[in-house]
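Written out below as structure tokens is the structure these notes cover.
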Amino acid sequence: MAIGDRHETDLDPWRGHYAERAAGMVASEVRALFAVASRPEIVSLAGGMPHVDGLPLETLGELMAELTRERGGTALQYGSAQGDPGLRESVCGVMSLEGIDAHPDDVVVTVGSQQALDLVARVFLDPGDTVVTEGPTYVTALGVFAACQARVAQVAMDEEGVDPGALAETFGRLAAEGRPAKLFYTVPTFQNPAGVTLSAERRAAVSEVCRRAGVLVIEDNPYGLLHYDRGEPMRALRADDPTGVVYLGSFSKTLAPGLRVGWALAPGPVRDKLVLAAESAMLSHSVFSQLVVDRYLRTQPWAEQLKEFRELYRERRDAMLRSLEAHMPRGVRWTSPGGGFFVWASLPEGLDSKALLPRAVGARVAYVPGTGFYADGGGRSHMRLSFCYPPIERIEEGVQRLASVIGEELTLRDTLGLAPGAER
Amino acid sequence: MSDLERVVVLAGGLSNERQVSLRSGTRVSAALRAAGVEVAVWDVDASLIDELAADPPQVVFPLLHGVAGEDGTVKEVLELLGVPYVGAAPGACRTAFDKAVAKEVLSRAGVATPASVTLPKAAFHDLGATAVMARVVERLGLPLFVKPRAGGSAFGVTRVERAEELPGALMTCFGHHDEALVERAVAGTEIAVAVADLGEGPRALPTVEIAADGVYDYAARYTAGAVRFHIPARVPAAVAEEAARVAVRAHQALGLRHLSRTDAIVDAAGGVWVLETNVAPGLTETSTFPLAVEAAGLDFGLFCRELAASAVPSALGAPGAR
């Protein structure tokens, strides 16, 4: 271009070509701050990364080498879109721990349970369709529903999870508005981000409410086996409702997220659609990863390993709860999860977890602001704190830093007259 | 200039603008490589000094934004180690990075900047927040911008239309810095003027007009396609010339070197109001500085190479070199 030519650009020649569903795909300040949070100087209470260093890495290495030598021709070849039959059989064994009696034919292996959710959404959701979720809900599930241009209605939870009455009311209201819910997406056990668990008493009622409303339940259960206070896992919703639930499972938290192996267990007709959707999405997933997982489950004492993980995470959870109790200013509240990775903290009125994040990162501690877990921008007074990744002393240090940042913010709030009831 | 052997690009750091810095680093290192220069990209952490001492590069190209990177700290370290670098010296960085001090320097140099007040967090506490906020609104009028005293990428910046929005905007601002610069919002055309000095004295590159659909915030700055840029800006030629003159004067008044970017508003009467002059302008794929370089008919990679070369002591004698 010659000097002096008038010229205009928006730096993206394809701007007019994007699908409407890409409209929300923009740069974000929060994500930018997470780029700092990933540095080792910062105590990150943000990510939900499992403690993979606790795995028998030597053994896994040998197992992978063995697999390549013995079954390389299969492991490195294309596979079926439904997944390896041996692994599907093993998956049924894992699910039986949560009371699920499943047949391998009804299992579809996916690239993490995230892909299972994506496939379910693709198969069920047209633009404008309504999904009901818990409020708050898993942030990336909201991303999947947004990509389908679905509308999301959220139902609040208490310590026992979602209230069946409130859920029924929401279904009724949506139907009356002419946009009946198609799916109810739930993380019933050790919920991400709230850390609460749908009580045994409410499980049957929730299933019944969904059945009556004709709403398919998507039960996302990555944390079910990571229980810290009970002798055995919670019974899955799917265990008592084989036709009304699509169950999503994952080895990301119990084994390794880097292997990217998850699955969906679905009623026959749904399963068939998921397999076809999987085929068009990626032809076949990593056969190698599937066979690694299967061999690990069949040859290694994985239940013992899981027990070790439960103990480690229980200690970390206890450390976080103890630190919160010891250091948090008055007015901050939090949940006490019986398993999983997350504590959900509520800030005193007038504090904004998103506005607080840069100050926290400056003080070398990070968390996830509550806003990401709501479809409507709510959640400003909440934050998700994860205890799964940092060692105990770092958790303690991180909570102390965060408590002091919140303390300063409270002083500022009062100074600026933003305290509840203050005259402005 | 082809004797330039190896450039170390510094990108990352621990400021809130780490991601922006990494993006600038990626863009510049690719451009330098395309121009035939060997480039290493280093993050800024506790190992930096040892690495620089063990293997001193011919020249360092710092692409750090925010605290430590932009306020002169890293430059101070480079001075200590005797490593040449692109950009302003530490003292000038300190002045330019502090929006309040920079505004005073600019005003003294005859550069117009919007009326403002700078208030530390403590002032609201000690003097009574309600009274302070009322005075601020009375003095500056509405709308206003509340900005952290230092920092970039529009982090912590809020436009305030009504007085009751001011406390919330201050909360947001104080999340980034302990002092707030509250500035009268000037209506008009938003422009950015890049200034480059390749050894022959600072000169302004074509003005870039930023036609944002709403506020030019973080998402607008770093999402390709979110903002329309007009180059040169759609302002009368005399105004564009004035803007160029003002940007060069700001660059000189602040004692900057090699490159800077002055952000300004052109009001309805053609007046140029400088918002700030950036000592470490963003060089990402969506930044305005590279657009201006290209609009000047220069290849961005060759431009970066010349900038780096002009910082090397062998270029001593050139006005822009140390």
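Since this is a predicted model, take the numbers as computed values, not measurements.
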>> For B:His125, is the NE2 atom crowded, meaning more than 12 foreign heavy atoms sit under 6.0 Å from it?
In response: no
>> Can you tell me which portion of B:Leu291 sits under 4.5 Å from chain A's heavy atoms? Options are side chain, backbone, both or neither.
In response: side chain
> Who among A:Leu351, A:Ile42, A:Leu412 has the most heavy-atom pairs with chain B under 4.5 Å?
Replying inline: A:Leu412
> What pair of heavy atoms forms the shortest contact from B:Ala224 to A:Leu11, and how long is it?
Replying inline: CB-O, 3.8 Å
> Do you know the tightest heavy-atom contact between A:Glu29 and B:Phe155?
Replying inline: OE1-CD2, 3.3 Å
> Is there a donor-acceptor pair under 3.5 Å between the side chain of B:Arg18 and the backbone N or O of A:Ala35?
Replying inline: yes
> If you count heavy-atom pairs under 4.5 Å between each of A:Pro358, A:Ala360, A:Pro13 and chain B, which one has the most?
Replying inline: A:Pro358
>> Within this structure, what is the CD1-CD distance for the pair B:Ile231 and A:Glu8, rounded to the nearest 0.5 Å?
In response: 9.0 Å
> Rounded to the nearest 0.5 Å, how far does CD of B:Gln19 lie from CG of A:Leu33?
Replying inline: 9.0 Å
>> Looking at every heavy atom in both B:Thr223 and A:Ala27, which two are closest together, and how far apart are they?
In response: OG1-N, 2.8 Å
> Side chain, backbone, both or neither: which part of B:Glu285 has a heavy atom under 4.5 Å from chain A?
Replying inline: backbone
> When only heavy atoms count and the cut-off is under 4.5 Å, which of residues 211-221 of chain B reach chain A?
Replying inline: B:Tyr218, B:Ala219
> Which bit of A:Val361 comes within less than 4.5 Å of chain B, counting heavy atoms only: side chain, backbone, both or neither?
Replying inline: side chain
>> If you count heavy-atom pairs within less than 4.5 Å of chain B, which of A:Arg31, A:Arg364, A:Met25 leads?
In response: A:Arg364
>> Between A:Leu416 and B:Phe124, is the side-chain contact (heavy atoms from CB on, under 4.5 Å) condition met? List the steps.
In response: CA-CA 7 Å; A:Leu416 293 175; B:Phe124 294 90; 4.0 Å; yes
> Are A:Arg359 and B:Phe174 side-chain neighbours, meaning at least one heavy-atom pair lies under 4.5 Å?
Replying inline: yes
>> Tell me whether A:Glu349 at atom CD has more than 12 heavy atoms from other residues, nucleotides or ligands lying less than 6.0 Å away.
In response: no
> For A:Ser28, is it the side chain, the backbone, both or neither that has a heavy atom under 4.5 Å from a heavy atom of chain B?
Replying inline: backbone
> Just wondering, do A:Glu41 and B:Asp45 contact through their side chains at under 4.5 Å, heavy atoms?
Replying inline: yes
> Any side-chain heavy atom of A:Leu418 sitting closer than 4.5 Å to one from B:Met171?
Replying inline: yes
> Should we count CZ of A:Arg21 as having more than 12 external heavy atoms under 6.0 Å?
Replying inline: no
>> For B:Asp126, which atoms come within 4.5 Å of any heavy atom of chain A: side chain, backbone, both, or neither?
In response: neither
> Listed by chain and number, what are the salt bridge (Lys or Arg N to Asp or Glu O under 4.0 Å) partners of A:Arg330, not counting sequence neighbours?
Replying inline: none
> Is it true that atom NZ of A:Lys354 has more than 12 heavy atoms of other residues, nucleotides or ligands lying nearer than 6.0 Å?
Replying inline: no
>> So which residue, B:Ala226, B:Ala129, B:Ser153, ends up with the most heavy-atom pairs under 4.5 Å with chain A?
In response: B:Ala129
> Of all of B:Val227, B:Val132, B:Leu166, which one pairs up most often with chain A through heavy atoms under 4.5 Å apart?
Replying inline: B:Val227
>> Within a 6.0 Å radius of atom CZ on B:Phe229, are there more than 12 heavy atoms belonging to other residues, nucleotides or ligands?
In response: yes
> Does CD1 in B:Ile49 sit with more than 12 non-hydrogen atoms of other residues, nucleotides or ligands closer than 6.0 Å?
Replying inline: no
